[in-house]
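Structure, as structure tokens:
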Amino acid sequence: MIIAIDGPAGSGKSTVAKLVAKQLKYRYIDTGAMYRSVAWAAQKKGLDLADETAMAEIAENLHIEFVPSEDGQLVLVDGENATTYLKNETVGKGAATVAAQKSVRETLVARQRQIGEAGNVVMDGRDIGTVVFPKSDKKFFFVADAEERGRRRYEELKAKNPSLDLNIIIKEIRQRDYEDCNRKISPLVKADDALEVDTTRLNIEEVTDHVLKNINNL
Ligand code: DC
């Protein structure tokens, strides 16, 4: 069984996908972390992220591993625990750049298919239900108001950075939406057969419950 959860940044998909996978004892694959890994590796080497040939080479050779842990999962990039670095906003911005590149997407989509073919996986991203696994058993498309998604991001980050400005975060969320929805290759779009879940006024438990109920009624 392959469960696809797509949606914009901050819609709650990663948190819920992780919990759903735990409940079902499935593997959880965060495809955003794969694009982030490419951006992080490139930034570490001081490369120009607009250089598609160089990014394609990095994507091709990078070893990305998901390792289950106490509080979810770790992402190892070429053997290094990159989990915390990957959450960085600079890496997020870089990920949006490399995610718009055809050859990077081809490489990562092929890897995602390889992982998913073993079955029993919950995969979240932007194009899982449309491109990676268009025939997945269950597809969800999460949405939420940009203001609410900005507030969630703000709550998550403000402990480390008390000078954060909520309005700037909301602006950045809108900018990321624009980039994800308007790129030429695999833009963020709901698959026709995906179930839309508006998480604006729901907490994590409510969304997880809703998804699990839907899966169990297959
Ligand atoms: O979900 P996230 O913020 O970790 O994703 C990082 C970037 O990668 C974001 O700009 C969207 C992009 N992405 C994508 O294009 N396709 C995916 N399957 C997952 C993420």
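It should be emphasised that the depicted structure is a prediction, and the values quoted were computed from it without experimental measurement. Note that ligands are numbered from 1 as they come in the structure, with each ligand's atoms numbered from 1 the same way.
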* Contact partition for Ala9 relative to ligand 1, non-hydrogen atoms under 4.0 Å -> neither
* Salt-bridge contact Arg151-Glu148 (side-chain N to carboxylate O under 4.0 Å) -> yes
* For Asp193, what residues pass the salt bridge (charged side-chain N to carboxylate O under 4.0 Å, His left out) criterion, not counting sequence neighbours? -> Lys139
* What protein heavy atom is closest to atom 12 (C) of ligand 1, reported as residue, atom name and distance in Å? -> Ala99 CB, 3.7 Å
* Asked: Which bit of Met34 is near ligand 1, meaning a heavy atom under 4.0 Å away: side chain, backbone, both or neither?
  -> neither
* For atom 19 (C) of ligand 1, which protein heavy atom lies nearest, and how many Å away is it? -> Thr31 OG1, 3.3 Å
* Asked: Who's the nearest protein heavy-atom neighbour of atom 3 (O) of ligand 1, and how far?
  -> Arg36 NH2, 2.8 Å
* **Nearest-contact summary for atom 13 (N) of ligand 1 - protein heavy atom, Å** => Arg126 CG, 3.6 Å
* What is the closest protein heavy atom to atom 10 (O) of ligand 1, and at what distance does it sit? -> Asp180 OD1, 3.0 Å
* Asked: For residues Arg152 and Thr199, is any side-chain donor paired with an opposing acceptor at under 3.5 Å?
  -> yes
* Asked: At what distance is the nearest protein heavy atom to atom 20 (C) of ligand 1, and which residue and atom is it?
  -> Gly32 CA, 3.6 Å
* Asked: Hey, what do you get for NZ (Lys138) to CD1 (Ile5), rounding to the nearest 0.5 Å?
  -> 12.0 Å
* Protein heavy atom at shortest distance from atom 16 (N) of ligand 1 -> Arg105 NH2, 3.0 Å
* **Short side-chain to backbone donor-acceptor contact, Asp145 and Thr200, under 3.5 Å** => no
* Asked: Among protein heavy atoms, which lies nearest atom 8 (O) of ligand 1, and at what distance?
  -> Tyr35 CB, 3.7 Å
